[in-house]
Amino acid sequence: MNRILLTSAFLLAAISAASADELSLALPAAPLSKASAIKLVEPHLHIARSNIAGHARIALTFDACMGQADERIVSTLVRERIPATIFVTARWLKRNPQALAVFLQNPDLFELENHGENHIPAVDTPTLVYGIASAGSPQAVKQEVEGGAAAMVAAGIPAPHWFRGSTAKYDLSAIGEIRTMGYRIAGYSVNGDGGSLLGAAITEKRIASAKDGDVVISHINQPTHAAGEGVAKALVDLKMKGTAFVRLGDVEDTGDDKTTE
């Protein structure tokens with residue numbers, strides 16, 4: 001009986017880890033460390049407020065990790081003329097040339113930035129983050145960042161200036177390494193869709209509650225998830241409230257953990 005219960009527990013843990021995000025294909029370069037032994041941070045980011053009553057200023061950011069483009073969100077952004085910063089991986093770019101074309105055809109709306117080559121957490125010590133193996137070394141972190149940037153330039157995208165790693169978690173030494181490479185690191189202040197795993201109603205409520213100076217993170221690569229419906233509705237909600245939407249490159253910002261200093 002105990003053996004059956006243990007087996008079931010392991011299976012449930014594996015399913016939960018996979019649901020948190022799509023697993024990376026890369027293998028760790030060294031034996032994995034216990035996550036508790038490594039200090040990981042999930043940096044916050046805020047933009048300069050408008051300080052105009054009834055016209056909050058927020059930055060919408062979307063991660064395009066892997067999978068397909070969520071047309072519900074893309075079409076809403078284009079139709080409503082809402083600017084956003086899209087973080088793309090090399091893997092997503094390969095699978096979504098049509099969505100990329102839409103982004104490139106609307107340079108006034110979309111700012112494309114670096115989400116990495118293979119969607120590997122930018123942590124330079126071997127560990128697991130939501131079940132995903134980290135880069136595991138400074139060299140692997142550098143490859144994840146530079147590989148993502150190279151794929152973007154090869155696809156006709158201007159060289160990126162911002163980086164957001166898989167899971168949005170880092171160790172402090174990796175933050176220093178990425179900053180040395182010339183990147184600002186994009187944290188956030190509002191988690192809109194819980195990794196695209198939340199329902200439509202709660203996603204809409206979370207994003208629509210964004211306040212002046214907030215940076216919202218959501219996903220634009222899960223067209224079959226209910227969260228995307230909530231994202232699209234929240235964008236319209238915010239616009240009707242008089243929200244001013246900006247991209248990260250449009251305004252001053254403040255990030256903790258030395259991510260933007």
Side-chain angles (χ1 to χ4, degrees), residues 40-65 70 73-74 76-78 80-88 103 106-115 122 160-170 172 175-176 178-179 182-196 198 200-220 227-228 230-261:
L40 299 181
V41 297
E42 192 166 357
H44 294 93
L45 180 68
H46 288 86
I47 57 170
R49 297 176 180 177
S50 72
N51 292 319
I52 302 174
H55 295 279
R57 176 191 292 153
I58 70 168
L60 296 171
T61 69
F62 293 95
D63 288 359
C65 311
D70 191 332
I73 301 172
V74 176
T76 301
L77 292 169
V78 174
E80 301 293 335
R81 307 311 293 170
I82 295 175
T85 302
I86 316 293
F87 286 87
V88 298
F103 293 152
N106 291 275
D108 59 321
L109 295 182
F110 300 114
E111 171 185 53
L112 300 180
E113 296 294 347
N114 189 357
H115 197 33
H161 303 287
W162 286 87
F163 177 79
R164 176 182 285 155
S166 166
T167 74
K169 289 183 180 288
Y170 315 82
L172 296 178
I175 287 176
I178 297 166
R179 292 290 289 125
Y183 287 89
R184 302 172 79 77
I185 297 174
Y188 62 91
S189 58
V190 175
N191 186 337
D193 63 0
S196 83
L198 296 177
I202 190 171
T203 295
E204 180 182 3
K205 183 177 180 180
R206 280 194 179 193
I207 298 175
S209 69
K211 297 178 175 59
D212 198 12
D214 272 334
V215 175
V216 179
I217 182 176
S218 297
H219 290 74
I220 201 167
V231 171
K233 289 182 178 179
L235 300 182
V236 177
D237 295 343
L238 286 169
K239 184 177 179 180
M240 291 180 64
K241 287 166 54 177
T243 301
F245 300 98
V246 296
R247 302 169 299 185
L248 292 183
D250 295 335
V251 291
E252 295 183 357
D253 54 75
T254 304
D256 55 17
D257 298 308
K258 298 183 178 181
T259 50
T260 62
E261 290 181 3

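Atoms considered below: every heavy atom in the structure, side chains included; atoms not considered: hydrogens, waters and symmetry mates. Being a predicted model, the structure only gives us computed values, none of them experimental.
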Regarding [X] and [Y], do their side chains bring together a donor and an acceptor under 3.5 Å, going by distance alone?
X	Y	result
Glu42	Tyr188	yes
Arg164	Thr61	yes
Thr85	Glu113	no

(request) Sort and list the pairs that fulfil side-chain hydrogen bond (donor to acceptor under 3.5 Å, both in side chains) and have at least one residue in residues 230-245, not counting sequence neighbours. (result) Glu80-Lys239, Glu229-Lys233
Nearest 0.5 angstrom please: [X] [atom1] to [Y] [atom2], how far?
X	Y	atom1	atom2	result
Asp63	His115	CG	NE2	4.0 Å
Ile185	Leu45	CD1	CG	11.0 Å
His219	Phe62	NE2	CZ	11.0 Å
Thr203	Leu198	OG1	CG	4.5 Å
Ser209	Asp214	OG	CG	7.5 Å

(message) Between Asp250 and Arg247 (salt bridge meaning N to carboxylate O under 4.0 Å), is one present in this structure?
(response)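 The answer is yes: the pair qualifies as a salt bridge.
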Return a table of donor-acceptor pairs under 3.5 angstrom between the side chains of residues 51-59 and protein atoms on other chains or two or more places apart.
from: His55; atom 1: ND1; to: Gly242; atom 2: O; distance (Å): 3.1
from: Arg57; atom 1: NH1; to: Ala48; atom 2: O; distance (Å): 2.8
from: Arg57; atom 1: NH1; to: Arg49; atom 2: O; distance (Å): 3.2

(request) Carefully, step by step, assess Ile82 and Leu238 under the rule side-chain contact (heavy atoms from CB on, under 4.5 Å). (result) CA-CA 10 Å; Ile82 295 175; Leu238 286 169; over 6 Å; no
Where [X] and [Y] come nearest, the two heavy atoms and their spacing:
X	Y	answer
Ile178	Ala122	CD1-CB, 3.9 Å
Ala234	Ala208	CB-N, 4.0 Å
Asp108	Pro83	O-CB, 4.4 Å
Val78	Leu109	CA-CD1, 4.0 Å
Ser218	Ile207	OG-CD1, 3.4 Å
Phe103	Leu112	CD1-CD2, 3.8 Å

(message) Show, in sequence, the C-alpha distance, side-chain angles and deciding distance for Phe87 and Ile217, and conclude whether the side-chain contact (heavy atoms from CB on, under 4.5 Å) test is met.
(response) CA-CA 10 Å; Phe87 286 87; Ile217 182 176; over 6 Å; no
(message) Which residue is it: Asp256, Thr254, Asp257? I am looking for the one with a side-chain hydrogen bond (donor to acceptor under 3.5 Å, both in side chains) to His44.
(response) Asp256
(message) According to salt bridge (Lys or Arg N to Asp or Glu O under 4.0 Å), does anything in residues 186-195 pair up with another residue at least two apart or in another chain? List the pairs.
(response) none
(request) Check for a donor-acceptor pair, side chain of Asp253 on one end and backbone N or O of His46 on the other, with a separation under 3.5 Å. (result)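 No: the side chain of Asp253 does not pair with the backbone of His46.
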(request) Using modelled atom types only, decide if a donor and an acceptor are shared between the side chain of Asn191 and the backbone of Gly194 within a distance under 3.5 Å. (result)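 It does hold such a pair.
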(message) Quick one, Val190 and Val215 - any side-chain contact, counting heavy atoms below 4.5 Å?
(response) no
(request) Could you check if a side-chain atom of Lys169 sits within less than 4.5 angstrom of a side-chain atom of Val41, using non-hydrogen atoms only? (result)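 Heavy-atom side-chain distance check fails, nothing below 4.5 Å.
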(message) Between Trp162 and Asn114, does the side-chain contact (heavy atoms from CB on, under 4.5 Å) criterion hold? Intermediate values first, please.
(response) CA-CA 6 Å; Trp162 286 87; Asn114 189 357; over 6 Å; no
